[in-house]
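These notes are about the structure you will find just below.
Given the structure is predicted, the values throughout are model-derived calculations rather than measurements. So you know, we letter chains A, B, ... as the sequences are listed, proteins then strands, and number each from 1.
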Amino acid sequence: MGLRPGRIAEYNKPMNSAVRELTKGFFAQLHVIHALILRETRSRFGKYNLGYIWAFVSPLSTIALFWGMFAIGKRAPHAGMDPIGFLSTGFLPYYIFTGCQAKAGAAVQSNKALLYYPQVHPLDLVAARAILETVTLTIVFFFLMLLNTIYTQHLPLESSLQTLSGLGLAALLGTSLGLVFCAIKIEFPTFDHLIGPLMRPLFWTSGLFFSVSEIPGWTRDLLLWNPVLHIVEFTRDGWFRNYDSPYHSYEYVLLWILGLGFVGLFLEKLTRRKI
Amino acid sequence: MIELRHIYKSYNVNGNINHVLNDINITFPTGVNMGILGLNGAGKSTMLRIMGGVEMPDEGRVIRQGRISWPIGFSGGFAGILSGEENCRFVARIYNEDVDRVVGFAQDFAEIGKHFFNPVNTYSSGMKARLAFGLSMAIDFNVYLVDEVTAVGDNVFKKKCKRVFDDRRDHSSIIMVSHSMKTIEQYCDKCAILTKGSIHIFDSIKEAERIYKAL
């Protein structure tokens, strides 16, 4: 981020002025998002003694709880996958999805003071929070997987690219949904109370602690409408060499992201004046 | 330079539509310090916020050239949970300035002591204004939009504000809104009066004062 406007202009001398304006604007926006991320990190993690550690607590405790339940119920996950890997590939994409949705959805409400500076755009607030959330939870994911690999002495990784893409899809889906919620909340503030109940079924239906291949018949067809389930299956398929899930489709998820993203950006334009 | 073309702005307060700005057309040329007088509620701050790009007008265009500050005033722009220092860091970053230099300057200028490192929501409005003023002075703007802020502080602080502005006269100008003629007299070359949704520029401050007193 060390580039200054003057230098950027020099680099781009041969380009015409429209392109130059565009690059200048792009770099200015990067500065803003960078500043927002640093500030968000500070206000979220800087206040407590152990700071960043708290980002690990919530996902780790939930995974530990379900791990314990697997152990007590003597229930092994599908197709001989190790339980921690199985749960992590379920819960972390889910947490990235809900985290981005919640952070993006509240971005404008909780940072209104920042919109006082004309170069800070509402979408910058959304982007900064979503990036911070995704990066944090991705670090948590790989940290967990590292510990698990040391513990089980076994690394079943099939495709790191597919695994990362799964986490990325979760972030995009969460952010675009958050964008829609954000706009609705500006118009109808009480909608905030509905988001919790609306999102809760996803915890039980997204394959966090089961594999969709274990579900029979029409129930499975019904569950497969849920894009988060596709993301979880996609991520799991990417992580485990011996897990082949025939049921996931990242194209389906992309359609959701495009649809929600389009609606979210459109509503943002409509509600901009009301912020 | 800032140019306002056919600016309309109204607010809906409990079903009553209040037309604050009604077809405002005015140009603020570079290098002229302009004061805008208006009674409380005349829409001065709204106009300043529209010029600063904080708020959008219902209709009309704002043409801005040069580096224009955010509206410097008592409210807005600071996040309460972060300290004065952290707020300064953030602003330095979004304006792509040297962070340490800006923070150092703002700290020296605001003279709020150790409060600089406390959350902004523990500040008095005077402290907030001092910090906002110090911070904006740390960044080289062509136009400073000032919302009453120089009215704060003791005489030492006021003199300091005046001195910095005098130093910068050759490359920056100020657009100030106020309901007090005294401050405007001190800082500005020209004066405009905003009343009943429209604005009129006066060449001499004396004449503006005469009209303003009659309001």
Side-chain angles (χ1 to χ4, degrees), chain A residues 1-9 21 23-48 106-125 127-129 132 186-187 268-275, chain B residues 2 8-12 45 48-59 62 64 67-83 85-99 102-103 117-121 128 132 135-136 139-141 143 145 147:
Chain A
M1 300 292 154
L3 289 174
R4 303 182 70 84
R7 295 247 309 276
I8 295 165
E21 281 301 305
T23 21
K24 229 168 113 181
F26 175 74
F27 278 107
Q29 230 53 39
L30 277 188
H31 281 296
V32 171
I33 292 178
H34 172 70
L36 284 170
I37 290 175
L38 289 177
R39 161 195 200 106
E40 196 71 29
T41 314
R42 185 95 185 116
S43 53
R44 266 186 72 192
F45 303 120
K47 296 277 175 262
Y48 316 103
V108 172
Q109 277 180 324
S110 45
N111 278 319
K112 255 185 193 162
L114 302 183
L115 295 174
Y116 204 71
Y117 304 99
Q119 63 269 59
V120 180
H121 191 278
L123 292 179
D124 296 329
L125 302 174
R129 292 187 131 205
L132 179 63
I186 289 166
E187 198 70 31
E268 191 271 333
K269 272 265 184 242
L270 281 185
T271 52
R272 172 110 38 103
R273 278 160 199 270
K274 299 203 169 153
I275 295 170
Chain B
I2 304 179
Y8 290 85
K9 181 85 188 176
S10 56
Y11 290 103
N12 188 343
S45 298
L48 205 67
R49 287 157 63 85
I50 287 175
M51 291 198 281
V54 180
E55 224 170 298
M56 277 195 278
D58 295 339
E59 270 178 62
V62 183
R64 296 150 43 101
R67 216 167 179 210
I68 295 160
S69 80
W70 69 93
I72 305 150
F74 291 107
S75 58
F78 291 129
I81 51 163
L82 296 183
S83 73
E85 187 219 1
E86 286 162 342
N87 274 295
C88 290
R89 277 181 182 281
F90 174 75
V91 173
R93 283 195 190 105
I94 60 172
Y95 281 97
N96 196 18
E97 294 276 339
D98 183 332
V99 173
V102 168
V103 169
F117 302 99
N118 292 342
V120 169
N121 55 20
K128 263 187 221 165
L135 177 57
S136 64
I139 301 170
D140 231 349
F141 290 112
V143 180
L145 303 174
D147 192 350

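- With a 4.5 Å cut-off on side-chain heavy atoms, A:R39 and B:N87 count as touching.
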Pair A:R129-A:N111, side chain to side chain contact (heavy atoms under 4.5 Å, CB included): steps then yes or no: CA-CA 11 Å; A:R129 292 187 131 205; A:N111 278 319; 3.8 Å; yes
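- Classification of the B:W70-B:Y95 ring pair by plane angle, with boundaries at 30° and 60°, yields tilted.
- Between chain A and the options B:V54, B:V91, B:D58, heavy-atom pairs under 4.5 Å are most frequent for B:V54.
- At a 4.5 Å heavy-atom cutoff, B:V99 makes no contact with chain A through either its backbone or its side chain.
- Of the atoms belonging to A:I33, not a single heavy atom falls under 4.5 Å from chain B.
- Only the backbone of B:P57 comes within less than 4.5 Å of a heavy atom of chain A; no side-chain atom from C-beta onward does.
- Not counting sequence neighbours, the partners of A:D124 by the side-chain hydrogen bond (donor to acceptor under 3.5 Å, both in side chains) test are A:Q29.
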